[in-house]
2 protein chains.
Amino acid sequence: MPDTQSLIFKSLSDPTRRAIFEQLCREGEQTVGFLTSGAGISQPAVSKHLGVLKRAGLVRDRQEGRLTHYCADPAALAPILDWTREMAGFWEARFDKLEDLLKRMDQ
Amino acid sequence: MPDTQSLIFKSLSDPTRRAIFEQLCREGEQTVGFLTSGAGISQPAVSKHLGVLKRAGLVRDRQEGRLTHYCADPAALAPILDWTREMAGFWEARFDKLEDLLKRMDQ
DNA sequence: TCAATCCATAGCCAAATAGTTATGAATTAC
DNA sequence: GTAATTCATAACTATTTGGCTATGGATTGA
């Protein structure tokens, strides 16, 4: 199995899947049928997308009779938020070091 | 051509590519040859990864004789940082609304 | 009970992806 | 001038991906 970050980034790299996740973030819990009605693709395709999002931890499902409700778990975005900030941080650090160097050279 | 967010997410969904980008963020500008020496894959494979990162705006290249230097542009991460924060925000908003509702019901 | 609804899974297909080797253009070194 | 180095591109391959239709289990409604 791929690492968590790859799973999350890959999940979000597909626009359809991102739209489904966004819908769940905006509107809260939704059934598969309702998500399908707005997605422009077949129900099995939506189910597969939901499966991918679930494997990445981005959504959870809840059974209720024959309905399956899905909801987003935005907390699962934390790993990529952290990683992204870390990358920006490395860059800042190198920039600071350069600034220091220039300052020292100036004296 | 896919939208910018898809390009960025897709670029970062591959661990090898993420490692290359991370290397450039940590260490700054590097040649293709040097990146290849640490990547564990062939030079053409590295070049292709760099091409993908470049198309997503995540890296820039600079020619110097027969050497090609690549450097990261972490500012290009902004779109997905914004999107991620927006998603978390929607969730917060719904949570606040629920809290309000509960408060009103309590009275 | 029988029909209808909801959704997950299976099986198929075309396109994209990540790797490879081979090659060639441009530059540098001898 | 010739050889060596650097890297991008081309051509190929195996795997993954995102869509589809078909199906069937579980639940609900008549």
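Computed from a prediction, not measured in an experiment: that's the story for all the values here. Residue numbers begin at 1 in each chain, while the letters A, B, ... track the order of the sequences.
- As rounded to whole Å, 12 Å separates atom P of C:dT9 from atom CZ of A:Arg55.
- In this structure the side chain of A:Leu24 reaches within 4.5 angstrom of the side chain of A:Leu35, judged on heavy atoms.
- Taking each heavy atom of B:Leu50 and B:Val59 in turn, the nearest pair found is O-CG2, 3.9 Å.
- Ring geometry, B:Trp83 versus B:Phe9: the interplanar angle exceeds 60°, so the pair is classed perpendicular (tilted spans 30 to 60°).
- Put simply, CZ on A:Arg62 is 16 Å from C1' on D:dT27, counting in whole angstrom units.
- Residues of residues 26-34 of chain B that place a heavy atom closer than 4.0 Å to DNA chain D, in numerical order, are B:Thr31, B:Val32, B:Gly33.
- Summarising the geometry, the separation between NZ on A:Lys54 and P on C:dC7 is reported as 13 Å, rounded to the nearest angstrom.
- In this structure, B:Leu67 atom CG and D:dA4 atom P are separated by 19 Å, rounded to whole Å.
- Within the structure, no pair that satisfies the salt bridge (charged side-chain N to carboxylate O under 4.0 Å, His left out) test touches residues 36-47 of chain B, not counting sequence neighbours.
- Side-chain N/O atoms of A:Tyr70 include none lying less than 4.0 angstrom from OP1 or OP2 on C:dC6.
- Residues A:Arg18 and B:Asp3 are in side-chain contact: their nearest non-hydrogen atoms beyond the backbone lie under 4.5 Å apart.
- Across all their heavy atoms, A:Val46 and A:Ala39 have their closest contact at CG2-CB, 3.9 Å.
- A donor-acceptor pair is defined here as one N or O able to donate and one able to accept, closer than 3.5 Å; no such pair exists between the side chain of A:Ser47 and the backbone of A:Pro44.
- Contact between B:Pro74 and A:Ala88 at its shortest, heavy atoms only, is CB-CA, 4.1 Å.
- Distance CG (B:Asp61) to C1' (D:dT9): 15 Å, rounded to an integer number of Å.
- Close to D:dA8, at under 4.0 Å from its OP1 or OP2, lies a side-chain N or O of B:Thr68.
- The distance between atom CG of B:Leu35 and atom P of D:dA8, rounded to the nearest whole Å, is 10 Å.
- The distance between atom NE2 of A:His69 and atom C1' of C:dT5, rounded to the nearest whole Å, is 14 Å.
- Atom CG in A:Leu12 sits roughly 12 Å away from atom P in D:dG18 (whole-Å rounding).
- Atom CZ of A:Phe90 sits in a crowded spot, with more than 12 heavy atoms from other residues, nucleotides or ligands closer than 6.0 Å.
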Just by protein heavy atoms under 4.0 Å, how would nucleotides 17-30 of chain C read 5' to 3' in B, S and -?
SBBBBB----BS--
